[in-house]
Amino acid sequence: MNVQLNSPPPEKRYRYPGAVPFHTGQSHIFFGRQHITKELYKLIRSEPVVVLYGKSGLGKSSLLNAGIVPACREDGIRTPLVIRFGAWTESQQETPLHIIKTALSHSSYPVTFPHWWLPDDDSLWSYAKWWQLNGNGSLLLIFDQFEEIFSYPDHQVTEFQRELAELLNTGIPLRFRRYLETVHAPDLTENEEEILEKPLNIRLLFAVRSDRMHLLNRLNDYLPNVLRHCFELKALTRKDAEDAIRLPASAQGSFITPPFGYTPLALQTLLNFLQDKDDGLVEGILLQMLCEHYERHLVEGKQIFLLDQVYIGDPSEVVRNYYEEKIKELLPIQQYPARRLIEDGLVSESESMRLSLHETYIIRHFDVEKHLLETLVDKRLLRSEPFLRGGYTYELSHDRLVPVVLEARTKRRESEVAEETRRLKSEAEKAKRHNYYMAALFSIAFLFMLAALWFTNYAFEQKKMADDKNKTLVQVGKLFDNLYFYKDQVALIYGKNMKRDGNAYYFINNNGDQITWLQEWDRAEQFDMSGFAKVRKDGRDYLLHITGREYPVTYTLDTINPGISAVDLRGTRLDSFPVTILKHPQLKVLILNGTPDNNNNLKSLPPEISRLDNLQFLYLRYCQLAALPEQIGDLKELQYLDLSNNNLTYLPRRIEELKGQKTYWSFKNPINPYEIGALLELDLSYNELNTLPLQLGALQNLQKLNLSGNPFPYFEIYAINEQLQGCVIIK
């Protein structure tokens with residue numbers, strides 16, 4: 001509806017309202033707007049009509065609710081009444097005048113006019129005078145989102161402005177004076193005459209979007225001076241934004257969370273992200289959205305009471321996750337229609353901008369019910385605006401969500417294409433089987449005759465192959481206890497080659513079956529826990545990966561050359577990172593592991609490790625690492641990172657950049673996960689991590705994450721598990 005009485009919020013609330021406007025009950029944490037509130041209220045006290053205008057989303061409603069209304073109540077001179085008309089629809093029964101009268105009559109005592117009142121007078125002036133008679137003080141009518149009135153029929157708008165002008169400019173309407181002069185009117189006492197003559201002293205405050213200011217000219221017939229005193233609301237200055245972040249966190253009162261704070265570096269990171277590059281100002285709605293997220297997830301969820309840079313992470317990730325989180329809060333049956341509406345209808349890919357659609361079009365073309373639209377507005381994914389010819393238009397709530405929605409649309413469409421491809425492939429296979437079956441029916445006689453001729457020979461060959469396989473299985477069974485099966489799936493074995501004459505090294509699975517990957521090496525060892533096997537061929541050493549890839553390797557620093565793509569220095573008692581390695585950006589495998597009894601003493605990695613931008617596998621087990629450089633995020637090709645059994649207490653923020661940028665897509669072939677160019681496995685076991693950075697949730701290609709042996713609480717793992725859907729997490 002239409003009337004906002006600003007009733008106090010529930011007893012306990014969060015310190016930041018998020019993407020919804022402040023309530024009057026939150027005025028004690030409405031920081032950053034104190035100076036603006038004083039300036040606007042000073043103008044209201046001196047002028048009968050004031051227009052507050054500003055861009056959508058800058059916080060006009062918050063300024064009214066948590067700034068002006070409390071200011072009125074504090075000085076006791078004026079009684080504020082906040083009114084919203086809502087957009088007109090064909091089913092709308094209430095006129096703007098009726099909405100105001102309802103607000104006036106519901107905000108005090110029942111309407112019982114004095115005996116001398118003009119019978120049957122239902123004017124707005126009568127309701128305002130009755131308000132005054134009941135001791136409510138001078139009235140301040142605050143019209144929030146006033147542009148909504150211009151969606152009502154013209155005659156209703158005309159009626160509204162005519163009675164509003166009488167309310168503002170008339171001491172006693174002439175019809176009252178004439179009535180009191182008639183013989184039927186009662187005689188008034190001196191006190192009653194004084195009450196009737198007492199000025200109403202009404203004040204009007206219209207809050208309007210900047211791009212709707214021109215509509216106020218339609219009030220010129222009765223309110224010609226409506227635009228004389230205008231007050232522009234701008235975004236927050238950096239100093240005001242700092243107060244809006246910092247002061248609510250430390251405020252005392254009845255809140256869900258205890259007081260907390262931000263370190264200077266964390267505060268600077270937030271402000272740098274929020275500050276507009278052009279004008280240097282900060283939009284309040286985005287600030288509140290970020291701070292509410294940190295309060296809920298870090299302070300309430302993880303009991304962290306000093307938010308440092310490590311915990312804040314990258315604010316853009318909060319914005320990115322905001323969209324997905326709000327979608328997942330919907331009922332499952334609502335999620336896909338909501339995605340289609342937002343991703344296909346409310347953003348433009350070519351211009352990367354928001355689009356606006358009328359509710360009638362949305363309901364008809366996107367199969368979205370009105371209830372779902374209202375839910376999306378309540379969750380602040382969308383915002384609604386009144387349409388001048390009735391109803392509402394809807395658009396995305398903030399420009400910062402546009403790239404996030406476009407990214408989500410791309411992923412959804414790729415998924416839909418893949419699903420449609422699978423469906424078509426399945427139907428094609430069914431058709432192929434059907435055609436094959438029909439052809440077989442016509443040919444069955446011929447096949448039956450052929451079968452009689454070669455059946456005997458075929459049975460003999462099958463028996464021979466089964467005997468050979470059984471012999472191999474017996475041999476394998478004897479060896480299984482001495483083999484290392486990587487991930488319990490694949491092992492190396494030396495023996496008779498079933499497809500060629502002589503012996504060779506080859507892969508077997510845990511059923512003893514020979515696998516198609518087959519190489520003939522001069523010498524080979526079994527796979528180790530890193531997924532590599534040492535092999536030698538034609539006098540040259542290689543590391544053979546479980547995928548079948550070979551990497552020319554050296555085991556000493558002085559033999560590295562441009563033809564080497566792997567360096568294996570495990571167990572060599574390194575006292576520092578060997579800087580010679582940094583001269584070889586062609587390296588794809590780097591193994592610097594120590595052992596439990598023979599730790600390396602690297603302590604840290606040099607920032608120049610970013611030069612190894614072709615690195616795919618990095619092993620740093622038992623290296624006594626206490627920190628990692630931020631430049632680790634430059635290793636965009638990294639697929640496996642082993643940091644287990646070190647002394648790490650935190651992870652660099654840029655680890656999220658290891659999510660990779662390459663993607664390979666084919667309609668005919670499956671994706672090879674080792675060509676994605678993104679981190680697939682991360683081993684952080686047995687470090688000193690007390691908490692997990694939010695950035696880990698960005699590693700959406702991660703298939704395996706080992707977190708065992710760290711001293712953080714279980715809910716840390718639970719939170720990461722919620723973000724990394726489909727990733728195997730070892731706790």
Colleague: Can you check side chain to side chain contact (heavy atoms under 4.5 Å, CB included) on F150 and L216, steps first, answer last?
Modeller: CA-CA 9 Å; F150 298 106; L216 296 181; 4.2 Å; yes
Colleague: With a 6.0 Å cut-off (strictly less than), is the heavy-atom count around CG of D367, excluding the residue itself, greater than 12?
Modeller: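 Open: at most 12 neighbouring heavy atoms sit under 6.0 Å from CG of D367.
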Colleague: Is there a salt bridge (Lys or Arg N to Asp or Glu O under 4.0 Å) between E292 and R296 once you walk through the steps?
Modeller: CA-CA 6 Å; E292 183 204 29; R296 288 177 181 267; 3.0 Å; yes
Colleague: Begin with the C-alpha distance, continue with both residues' side-chain angles, and end with the deciding distance and a verdict on salt bridge (Lys or Arg N to Asp or Glu O under 4.0 Å) for E166 and R162.
Modeller: CA-CA 6 Å; E166 180 183 71; R162 182 174 60 247; over 6 Å; no
Colleague: For E283, check side chain to side chain contact (heavy atoms under 4.5 Å, CB included) against everything at least two apart and list the hits.
Modeller: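 By the side chain to side chain contact (heavy atoms under 4.5 Å, CB included) rule, E283 matches L58, I285, H398.
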Colleague: Between H155 and E159, is any side-chain donor less than 3.5 angstrom from a side-chain acceptor?
Modeller: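 No, E159 and H155 have no side-chain donor paired with an acceptor closer than 3.5 Å.
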Colleague: Distance-only, no hydrogens or angles: does the K60 side chain make a donor-acceptor pair with backbone N or O of K55 under 3.5 Å?
Modeller: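 Yes: the side chain of K60 pairs with the backbone of K55.
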Colleague: Check E359 against Y394 and note the closest heavy-atom contact, atom names and distance.
Modeller: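 That closest heavy-atom pairing would be CB-CE1, 3.6 Å.
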Colleague: Could you go through the side chain to side chain contact (heavy atoms under 4.5 Å, CB included) check for F160 and L124 one step at a time?
Modeller: CA-CA 9 Å; F160 163 79; L124 184 57; 5.6 Å; no
Colleague: How far does CG of L376 sit from CD of E329, to the nearest 0.5 angstrom?
Modeller: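 Answer rounded to 0.5 Å: 11.0 Å.
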Colleague: One pair to check against salt bridge (Lys or Arg N to Asp or Glu O under 4.0 Å): R320 and E317. What are the steps and the verdict?
Modeller: CA-CA 5 Å; R320 180 173 288 107; E317 286 301 314; 2.4 Å; yes
Colleague: For residues 230-237, which side-chain N or O atoms pair as donor and acceptor with protein atoms under 3.5 Å away, sequence neighbours left out?
Modeller:
{"from": "T237", "atom 1": "OG1", "to": "D240", "atom 2": "N", "distance (Å)": "3.1"}
{"from": "T237", "atom 1": "OG1", "to": "D240", "atom 2": "OD2", "distance (Å)": "3.1"}

Colleague: Please report the interatomic distance CG(L274) to CD1(I245), rounded to the nearest 0.5 Å.
Modeller: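 Output value for this atom pair is 5.5 Å.
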Colleague: Please check: side-chain N/O of H297 versus main-chain N/O of H293, any donor-acceptor pairing under 3.5 Å?
Modeller: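 Checking the backbone N and O of H293 against the side chain of H297, a donor-acceptor pair under 3.5 Å is found.
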Colleague: So, the side chain of Y152 versus the backbone of F85: is there a donor-acceptor pair under 3.5 Å, distance only?
Modeller: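 Between the backbone of F85 and the side chain of Y152 there is a qualifying donor-acceptor contact (under 3.5 Å).
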Colleague: Could you tell me whether the side chain of T375 and the main chain of H371 form a donor-acceptor pair under 3.5 Å?
Modeller: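 It does hold such a pair.
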Colleague: Taking salt bridge (Lys or Arg N to Asp or Glu O under 4.0 Å) as the test, write out the residues that go with R364, two or more places apart.
Modeller: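 Checked R364 against salt bridge (Lys or Arg N to Asp or Glu O under 4.0 Å); zero matches.
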Colleague: Within a reach of under 6.0 Å around CD of E74, are more than 12 heavy atoms found that belong to other residues, nucleotides or ligands?
Modeller: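 Atom CD in E74 is not crowded, with 12 or fewer foreign heavy atoms closer than 6.0 Å.
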